[in-house]
Amino acid sequence: MSKACIGLLTGPVGVGKTTVAERVVRLARQQGLACSGLLAPAMVNSCGQKIGIWGVDVFVGERRTLACTDRDPGGPTVGPYVFDAAALAWAVAVLEKAIGACDLLVVDEIGKLELWRGIGLAPILPRLASGEVGRALVLVRDSLLAELQGRLGSVEQIVVEVNEENRGELPSRILQSLV
């Protein structure tokens, strides 16, 4: 097996990191690669306002509400979002099941919950840092990038910054650099 490589897809909130990751998955599948993991697209209301965060199992397409702003599922909070503890446990299980069973693992996203509070998707971080995951695409906002890089240690990391000008061309570039 080749050595582990983690693509770190970074940029500010709302720039399109998840959309780029979705396109990377689509391209990877077109090339015959098995993709698994978790995507976390925004949940928006009829006015286009973000009111929560979906969790989507990349392999089977199952979707659960990870966090919301309009009700309290009783889990941890970050900013205006209240997370659902059961949905977070499901998300970790999705990721753990995917490790070692796919060509490309997607982790959307590592944020304050994981890095500052050690919960959420945090159980995945040591497995990424150990090199156990051959190829991964991990999403992280730009303000938390350095902290995540430190947690990943010596595993090869490829940092790709998303902005409005480059997000259309990034999926093929990311896939090429990871495989």
Side-chain cluster (under 4.5 Å, hydrophobic types only) that Val44 belongs to, other residues: none
Asn166 side chain to Glu161 backbone, donor-acceptor under 3.5 Å: yes
Single-linkage hydrophobic cluster, 4.5 Å side-chain cutoff, Ile124 and Trp90 together: yes
Side chain to side chain contact (heavy atoms under 4.5 Å, CB included) partners for Ala136, two or more places apart: Ile6, Leu105, Leu128, Val133, Val138
Side chain Lys17, main chain Pro12, donor-acceptor under 3.5 Å: yes
Candidate pair Leu121 and Val107, rule side-chain contact (heavy atoms from CB on, under 4.5 Å), full reasoning: CA-CA 9 Å; Leu121 306 180; Val107 182; 4.1 Å; yes
Review item, side-chain donor-acceptor pairs of residues 69-85, under 3.5 Å, at least two apart:
from: Thr69; atom 1: OG1; to: Ile51; atom 2: O; distance (Å): 3.2
from: Asp72; atom 1: OD1; to: Gly74; atom 2: N; distance (Å): 2.7
from: Asp84; atom 1: OD1; to: Ala86; atom 2: N; distance (Å): 2.9
from: Asp84; atom 1: OD1; to: Ala87; atom 2: N; distance (Å): 3.0

Pairing residues for Asn45 by the side chain to side chain donor-acceptor pair (under 3.5 Å) criterion, not counting sequence neighbours: Gln49
Could you give the side-chain donor-acceptor pairs of residues 146-156 under 3.5 Å, partners two or more places apart or in another chain?
from: Glu147; atom 1: OE1; to: Trp116; atom 2: NE1; distance (Å): 3.0
from: Gln149; atom 1: NE2; to: Gln157; atom 2: OE1; distance (Å): 3.4
from: Arg151; atom 1: NH2; to: Leu115; atom 2: O; distance (Å): 2.5

Show every donor-acceptor pair shorter than 3.5 Å between a side-chain atom in residues 170-179 and any protein atom, with sequence neighbours excluded, or say none if there are none.
from: Ser172; atom 1: OG; to: Glu169; atom 2: O; distance (Å): 3.4
from: Arg173; atom 1: NH1; to: Glu169; atom 2: OE2; distance (Å): 3.3
from: Ser177; atom 1: OG; to: Arg173; atom 2: O; distance (Å): 3.4
from: Ser177; atom 1: OG; to: Ile174; atom 2: O; distance (Å): 2.8

Residues clustering with Val60 (ILVMFWY side chains joined when closer than 4.5 Å, directly or via others): Phe59
Lys97, NZ: over 12 other non-hydrogen atoms inside 6.0 angstrom: no
Asp142 side chain to Thr10 backbone, donor-acceptor under 3.5 Å: no
Stepwise side-chain contact (heavy atoms from CB on, under 4.5 Å) check, Leu137 with Leu8: CA-CA 6 Å; Leu137 180 61; Leu8 297 173; over 6 Å; no
Pairs involving residues 18-38, ordered by first then second residue, that meet side-chain hydrogen bond (donor to acceptor under 3.5 Å, both in side chains) (sequence neighbours left out): Thr18-Asp108
Connected via hydrophobic side-chain network under 4.5 Å: Ile53 and Leu113: yes
Arg127: salt bridge (charged side-chain N to carboxylate O under 4.0 Å, His left out) partners, not counting sequence neighbours: Glu132
Hphob cluster co-occupancy, Leu104 + Leu38, side-chain heavy atoms under 4.5 angstrom: no
Glu114 side chain reached by Ile119 side chain, heavy atoms, under 4.5 Å: no
Contacts of type salt bridge (charged side-chain N to carboxylate O under 4.0 Å, His left out), residue Glu62, not counting sequence neighbours: Arg64
